[in-house]
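Remember, it's 1-based here, ligands and their atoms both numbered in the order they're listed. Every value quoted in this text rests on a predicted model; they were computed, and no experiment measured them.
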Amino acid sequence: MAVSQAWRFAERTRAGAGDGIAAILGLLGNTDLISFAGGFPDPRTFPADRVAALIGEMDASAFQYAPTQGLAGTRDAIAGRLERRPDDAELLVTSGGIEGLELVSKSFLDRGDVVVTEAPTYLGAIMAFRAFEADVVAVPLDADGLDVDALAALLDGGLRPKLLYTIPDHQNPAGVTLAADRRAGLVELARRYGFLLVEDVAYRELGFDGTAPPSLWSLAPDVVVQLGTTSKTFFPGVRLGWAVGPAEVVAQLVSAKQNTDQCAGALGQRLFEEYVRRGWIDEQLAASRALYGRKCELLLDALAASMPAGVEWTTPRGGFFSWVTVPVDAAELAQRAVAEGVAVVPGALFYPDGRGTNELRLSFSMVDETLIAPGIATLASVL
Ligand SMILES: Cc1ncc(COP(=O)(O)O)c(C=O)c1O
């Protein structure tokens, strides 16, 4: 007979990191739903034929262990896509954006350290920081991104973060972009108060018009570590990304990676390198920007057509998300919407502190174009 065990899990597992992402991934399996829930790329962007052909051409390096910092060719391909070519010691290949967050957290955070994020922010980041027992403080954002004046006031009042995590371009979940003048103000604050800026550029290359303001890393390579991912631009089935920042910081991340996964998978690294060298990534990006731009327009049109007075939403210029404010409890709305066949994510998941109860995230990246208007009409009727 099975005896139930009282497993003695580590104390840090009680920090309330939660299982929010698993819940969102779980919804994906339900094909009956019109889902505005997961931040998944549209499978129509996946380069199956090209990848199949490339695998046939691969030499042994693609199947072997790789150096912890990444294969030289892959690093060269990534470096060539950044605004400025970093020194060798400034760049690390990661197993995706989430691993970048894990490595930064592991390298910097002791119990009780303060991490500032945007309010709302990426759930995976809250989970990563909490897993290392950090105190996550979320500062509001508006249509121009993080409210840098509000941050300055908190710093002036004595807040002393070790890290500030931001998603400046087409933010997850709010769909907003940090204005250029705020970027200058933010790096100034990082220098003045001595914290590291962790810049997550997951959606940076997915501006609908192909443009983006200067990255924080390009403005201040002395105080910024930029975390990138190929998940939204290539495909997430290879877990691949990068960290670029001050050489001493990158050296510490390399050290942390040695006992995380030792190296990012060589097969994914070689595939991405070849995909870049042949110019295919730029072709895929152009098609993805057009596809997501079209879907976003359909979503905004549907919201304008269906939503009652008192509902507000952000107008993304790229990325996957719009953020909606509703005059009712969003968790209850989400529950009722699922019963009617529509999935959305209630906003409180994206705050570390219980805010966001009348907000929700709509993702337009994966939903079928023909289902956007009916899905939003159903959501409006439930509302
Ligand atoms: C802001 C942000 N950062 C990182 C990630 C995760 O990236 P990856 O798939 O490379 O781990 C996501 C994915 O949803 C994201 O939205």
- request: Report the distance from atom OH of Tyr203 to atom OG1 of Thr177, rounding to the nearest 0.5 Å.
  value: 12.5 Å
Residues 296-304, side-chain donor-acceptor partners within the protein, below 3.5 Å, at least two apart:
none

message: Regarding Arg81 and Asp282, does a basic nitrogen lie under 4.0 Å from an acidic carboxylate oxygen?
response: yes
- request: Taking atom types as modelled, find out whether Ser215 and Glu83 have a side-chain donor-acceptor pair closer than 3.5 angstrom.
  value: yes
Arg183 side, atom CZ; Glu199 side, atom CD - distance, nearest 0.5 Å: 7.0 Å
Quick one: table the atom pairs, ligand 1 N or O against protein N or O, below 3.5 Å, distance rounded to 0.1 Å.
| from | atom 1 | to | atom 2 | distance (Å) |
| --- | --- | --- | --- | --- |
| ligand 1 | 3 (N) | Asp200 | OD1 | 3.4 |
| ligand 1 | 3 (N) | Asp200 | OD2 | 2.6 |
| ligand 1 | 9 (O) | Ser231 | OG | 2.7 |
| ligand 1 | 9 (O) | Arg239 | NH1 | 3.0 |
| ligand 1 | 9 (O) | Arg239 | NH2 | 3.3 |
| ligand 1 | 10 (O) | Gly97 | N | 2.6 |
| ligand 1 | 10 (O) | Thr229 | OG1 | 2.5 |
| ligand 1 | 10 (O) | Ser231 | OG | 3.1 |
| ligand 1 | 11 (O) | Gly97 | N | 3.3 |
| ligand 1 | 11 (O) | Ile98 | N | 3.0 |
| ligand 1 | 11 (O) | Arg239 | NH2 | 2.8 |
| ligand 1 | 14 (O) | Lys232 | NZ | 2.8 |
| ligand 1 | 16 (O) | Asn172 | ND2 | 2.8 |
| ligand 1 | 16 (O) | Tyr203 | OH | 2.6 |

task: Would you please say whether a donor-acceptor pair under 3.5 Å links the side chains of Gln226 and Trp242?
output: yes
